[in-house]
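Heads up: the structure comes next, in C-alpha cells.
So that the names make sense, note that chain A is the first sequence line, chain B the second, and so on, each numbered from 1. The shown structure was predicted, so the numbers you read here are calculated from the model rather than taken from an experiment. Computation of the quantities below employed the complete heavy-atom set of this structure, encompassing side-chain atoms and omitting hydrogens, waters and symmetry-equivalent molecules.
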Amino acid sequence: RWEEERYPEGIKWKFLEHKGPVFAPPYEPLPENVKFYYDGKVMKLSTKAEEVATFFAKMLDHEYTTKEIFRKNFFKDWRKEMTSEEKSTITNLSKCDFTHMSQYFKAQTEARKQMSKEEKQKIKDENERLLKEYGYCVMDNHKERIANFKIEPPGLFRGRGNHPKMGMLKRRIMPEDIIINCSKDSKIPSPPPGHKWKEVRHDNKVTWLVSWTENIQGSIKYIMLNPSSRIKGEKDWQKYETARRLKKCVDKIRNQYREDWKSKEMKVRQRAVALYFIDKLALRAGNEKEEGETADTVGCCSLRVEHIKLHPELDGQEYVVEFDFLGKDSIRYYNKVPVEKRVFKNLQLFMENKQPEDDLFDRLNTSILNKHLQDLMEGLTAKVFRTYNASITLQQQLKELTNPDDNIPAKILSYNRANRAVAILCNHQRAPPKTFEKSMMNLQSKIDAKKEQLADARRELKSAKADAKVRRDEKSKKTVESKKKAVQRIEEQLMKLEVQATDREENKQIALGTSKLNYLDPRISVAWCKKWGIPIEKIYNKTQREKFAWAIDMAEEDYEF
DNA sequence: GCTCAGACTTGGAAGAATCTTT
DNA sequence: AAAGATTCTTCCAAGTCTGAGC
C-alpha cells in the first residue's frame with residue numbers, strides 16, 4: 001500500500017492540516033448542598049481551591065490517597081490554589097473531610113449509568129460530532145485519524161510505583177501553552193475565542209500536530225496520529241525490517257560478544273556481558289534517570305550490584321544469576337538464570353569492591369552500547385533485540401505448538417500460548433483481575449454442567465441405538481443420527497470451554513497486549529492465520545486490524561520473519 | 001566526551017462499550 | 001431489563017534513542 005520513502009531524508013510530510021486540539025471542559029462548581037468540612041465544620045471553598053479538592057475527593061477510595069508522599073505533594077500544591085484566608089484556616093490535610101464530595105461524585109456516576117437510552121444516545125452523538133470535527137487531519141493526500149486529539153484534563157498526578165511526585169497537581173492546559181504544527185498553506189486552526197496559541201510552526205521534519213509542556217516533569221506532550229495512519233504504519237514496518245536484518249547477522253554478533261568476554265579492556269567486557277543479557281533475557285537498555293525525579297527503576301545498563309545475586313551452584317545448576325529489580329513501570333523482574341562460566345566470572349569481577357548501590361556496569365551506559373551496536377549493523381540499537389527475539393520466538397513457538405489436526409479453538413489456544421511465551425520473555429505482567437477467582441469458578445461450573453449434558457446426550461444416544469436395533473425402521477435410524485450429532489456438538493462445546501479455562505488460567509498474571517501490539521511482527525500472525533484457515537478476526541480485533549492493515553495486505557502464508 | 005531537549009515507542013490500568021446471564 | 005462478565009478503547013505515564021550545543 002505504501003511505496004518506500006517518498007520523501008527526502010528527514011521530511012515527514014508535505015501538507016498537514018488539522019483543527020487543533022479539544023480542550024478539557026471548564027470546571028463546573030459543585031452545587032450548594034455539597035459540603036466540604038474542615039475540622040468538623042462546614043467550609044465554603046473558593047472555586048479554584050474547590051476544583052483541586054474535587055480531584056482528591058474523586059480518588060478517595062484509591063490507595064494513593066493514603067500514601068504519605070501523595071498526601072504531602074497534594075496538600076502543598078492545593079495550598080497554592082487557596083485564597084490567603086483558606087490558606088490560614090486549612091493547615092492540616094487530616095482535618096479535611098471530603099467524604100460528602102466523594103459521595104456526590106459516586107451518585108453522579110450512578111446517575112449516569114441510570115440515564116435513559118435517549119440521554120445516552122445524545123452523549124454518544126456529541127462525542128461522535130467532536131470526533132468527526134477534531135479527530136481527523138489531512139496529511140498529504142490522506143485523511144488520517146488522530147490518536148489523542150483531546151488535551152489531558154487537570155488532575156492529580158499518579159505516578160507508577162514509588163513515585164516521588166505522586167499527588168502533585170497537573171495544571172490545566174490553556175491555548176497559550178499550545179504549539180500548533182501544520183503546513184503553511186493549510187487552514188491554520190483558530191484558538192478558542194479570546195485566546196491565542198503560544199506558537200504556530202511549520203516543521204515538516206516532525207510528525208506531531210500539537211505540543212505543550214507538562215508541569216510535573218517539564219516534559220513535552222504531543223498530539224500525534226493514530227497507529228492506523230501511514231506515518232505510524234510505515235515506521236512500524238521499518239522497525240520489523242530492522243529486526244529482520246538483525247536476524248541475518250545475529251550469529252556473528254553473538255560470537256563477537258562471546259569473544260569480548262575475554263577482552264583485556266574492562267569497558268569491552270562490561271559491554272559484552274550487558275549485551276548478552278539484552279539478547280538472552282530481552283532486558284531493556286536502561287538509560288540513566290535523574291535521581292529523585294522518578295521512581296527508582298532500572299534496565300540493563302543501569303543495573304546495580306544489589307539487583308543481582310551470584311550462585312556458583314543453585315538447585316543442581318551451575319553459575320546461576322538471580323535477578324531481582326524493578327523495571328519499567330515498576331514491574332518486578334525476578335529470574336534465576338544459569339549463565340556461562342565466563343559471564344559468571346566477569347560478573348564477580350564487576351562486583352568486586354563495590355557497594356550494593358553501585359552500578360554493576362560502571363564503565364557502560366546506553367549511549368556507549370548503542371554506538372557499538374551501530375557499528376555492528378546499521379540501525380541496530382538495544383531495543384531491536386527485544387523486537388527480534390520476541391518475533392522469532394513467536395514464529396518458532398507457532399511452528400512447535402500448532403497441531404494440524406486441532407480444531408480452530410485449539411489452534412487459537414496454541415497461538416495464545418506462543419504469544420504468552422513472548423510475553424513471559426519480555427516480562428509483561430499484569431495484576432490478576434479482581435474477579436479472576438470468581439470468573440474461573442463460573443467457568444468451571446459451566447464445564448461441569450456441560451459434562452452432565454454430555455453424559456445425558458450419550459445415554460440418549462445409547463438407548464436410541466438399542467431402539468433402532470429392535471425396530472429397524474427409518475424413523476429410529478434418523479433418531480440415532482440426530483442423537484449422534486447432538487453428542488458431537490456437545491463434545492465440541494465442552495472442548496471449547498476447557499480450552500478457554502486453560503487459556504485463562506495460564507494467562508492469570510500475563511499481559512499479552514503489549515507484545516502483540518509492539519513486538520510481534522504482525523506478518524507472522526497473518527501468515528499463520530492464512531496457513532491454517534483461521535479468520536484474522538480471531539487474532540486481531542478491529543483496532544488491531546486497522547493498525548496492522550499493512551501486514552494483512554502484505555503477508556502470504558509462506559511469510560518468514 | 002557529556003548533558004539535555006526533543007521526538008517518538010512502549011506500558012498497564014481504568015473506564016466505556018458490548019455481550020451474556022439472570 | 002437489570003446485573004454481571006468480558007472485551008475494547010482510552011488514558012497518560014515511562015521508557016528509548018537522536019542530535020544539538022558545549
Side-chain angles (χ1 to χ4, degrees), chain A residues 10 12 59 62 109 112-114 117 120 123-124 127 131 147-153 155 157-161 163 165-166 170 179 181 203 205-208 211 213-214 216-227 231-232 235-236 238-239 278 284-290 293-295 297-302 326-331 365-371 373-374 379-387 390 423 426-431 433-436 438-443 446 500 504 509-519 540-547:
Chain A
K12 306 289 170 61
M59 294 175 75
H62 205 288
T109 312
R112 224 171 302 133
K113 270 195 236 160
Q114 300 302 325
K117 259 214 176 94
K120 280 184 185 165
I123 294 175
K124 222 173 154 184
N127 283 338
L131 175 68
N148 55 327
F149 59 93
K150 288 181 189 155
I151 301 259
E152 294 169 22
F157 175 80
R158 315 142 86 127
R160 295 202 255 268
H163 197 116
K165 298 193 172 185
M166 62 169 84
K170 244 171 44 157
I179 302 174
N181 192 35
D203 181 357
K205 293 197 169 56
V206 296
T207 67
W208 53 268
S211 76
T213 301
E214 150 273 347
I216 304 290
Q217 318 276 359
S219 65
I220 307 170
K221 298 248 181 173
Y222 304 92
I223 292 182
M224 290 186 190
L225 297 194
N226 198 70
I231 204 145
K232 294 287 184 193
K235 196 83 190 292
D236 208 33
Q238 269 181 34
K239 173 179 79 183
I278 285 171
R284 296 186 187 81
N287 285 308
E288 300 104 296
K289 305 167 71 182
E290 213 171 328
E293 294 292 300
T294 59
T297 63
V298 298
C300 186
C301 292
S302 51
L326 296 181
K328 182 178 180 181
D329 292 329
S330 294
I331 303 278
N365 60 39
T366 53
S367 146
I368 295 170
L369 178 65
N370 279 333
K371 267 200 193 99
L373 293 177
Q374 189 61 237
L380 186 61
T381 61
K383 86 186 182 79
V384 178
F385 282 89
R386 249 166 105 79
T387 312
C426 293
N427 199 42
H428 291 143
Q429 298 186 36
R430 62 167 180 174
K434 287 181 234 27
T435 55
F436 185 84
K438 206 169 138 210
S439 114
M440 270 329 271
M441 268 162 56
N442 285 159
L443 197 51
K446 262 192 199 170
Q500 208 185 343
R504 192 175 301 178
Q509 307 204 55
I510 312 289
L512 298 184
T514 297
S515 50
K516 202 172 188 179
L517 239 44
N518 300 299
Y519 287 104
Y540 291 139
N541 68 31
K542 186 168 144 280
T543 319
Q544 298 171 154
R545 290 198 300 278
E546 280 167 12
K547 167 166 178 167

So do [Y] and [X] actually touch side chain to side chain, heavy atoms under 4.5 Å?
X      : Y      : answer
A/L225 : A/T207 : no
A/D236 : A/K547 : yes
A/I220 : A/I179 : no
A/L373 : A/F385 : yes
A/L369 : A/C301 : yes

With axes from five pairs an end, tell me the bend angle of the helix from B/dG1-C/dC22 to B/dT22-C/dA1, nearest 10°. 10°
Within the structure shown, what part of the strands sits under 4.0 Å from [X] by heavy-atom distance: base, sugar-phosphate, or nothing?
X      : value
A/A295 : nothing
A/P153 : sugar-phosphate
A/N287 : base
A/K120 : nothing
A/G299 : nothing

For the [atom1] atom of [X] and the [atom2] atom of [Y], what is their distance to the nearest 0.5 Å?
X      : Y      : atom1 : atom2 : result
A/E293 : A/I216 : CD    : CD1   : 11.0 Å
A/F149 : A/N226 : CZ    : CG    : 10.5 Å
A/N181 : A/D203 : CG    : CG    : 5.5 Å
A/K12  : A/I231 : NZ    : CD1   : 6.5 Å
A/K170 : A/E214 : NZ    : CD    : 8.0 Å

Roughly, in whole Å, what's the span from [atom1] in [X] to [atom2] in [N]?
X      : N      : atom1 : atom2 : answer
A/I216 : C/dC12 : CD1   : P     : 12 Å
A/L131 : C/dT10 : CG    : C1'   : 12 Å
A/I223 : C/dC11 : CD1   : C1'   : 13 Å
A/L225 : C/dT10 : CG    : P     : 15 Å
A/Q500 : C/dA5  : CD    : P     : 14 Å

Restricting to nitrogen or oxygen on both sides, can you table the protein-nucleotides 19-22 of chain C pairs closer than 3.5 Å?
none

Okay, side chain of [X], backbone of [Y]: is any donor-acceptor separation there less than 3.5 Å?
X      : Y      : result
A/D329 : A/I331 : no
A/K165 : A/F157 : no
A/Q509 : A/Q429 : no

Of all residues at least two apart in sequence or in a different chain, which pass the side-chain contact (heavy atoms from CB on, under 4.5 Å) check with A/T294? A/H163, A/Q217, A/K289
Regarding the side chain of A/N442, the nearest nucleotide among C/dA5, C/dG15, C/dC12 is C/dA5
Of all the nucleotides listed (C/dT6, C/dA13, C/dC17), which has the minimum atom distance to the side chain of A/S439? C/dT6
Between A/K438 and A/G159, whichever has its closest DNA chain C nucleotide further toward 5' is A/K438
Please tell me which of A/I151 and A/V384 maps to the more 5' nucleotide of DNA chain C, matching each residue to the nucleotide holding its nearest heavy atom. A/I151
Specify the closest pair of heavy atoms between A/A382 and A/N370, including all atoms of both residues, with the distance to one decimal. N-OD1, 2.9 Å
Looking at every non-hydrogen atom in both residues, tell me the closest pair between A/R430 and A/I510 and how far apart they are. NE-O, 3.4 Å
Dump every N/O contact between nucleotides 18-22 of chain B and the protein below 3.5 Å, one line per pair.
none

Would you say A/K371 has more than 12 foreign heavy atoms packed within less than 6.0 Å of its NZ? no
Please write out the pairs of protein N or O atoms and N or O atoms of nucleotides 1-4 of chain B separated by less than 3.5 Å, giving the distance to one decimal.
none

Expected string for nucleotides 7-16 of chain B under the B/S/- scheme (protein heavy atoms, under 4.0 Å, primed atoms plus P, OP1, OP2 as sugar-phosphate) is BBSBBSSS--
C/dC12 phosphate, OP1 or OP2, under 4.0 Å from A/K221 side-chain N/O: no
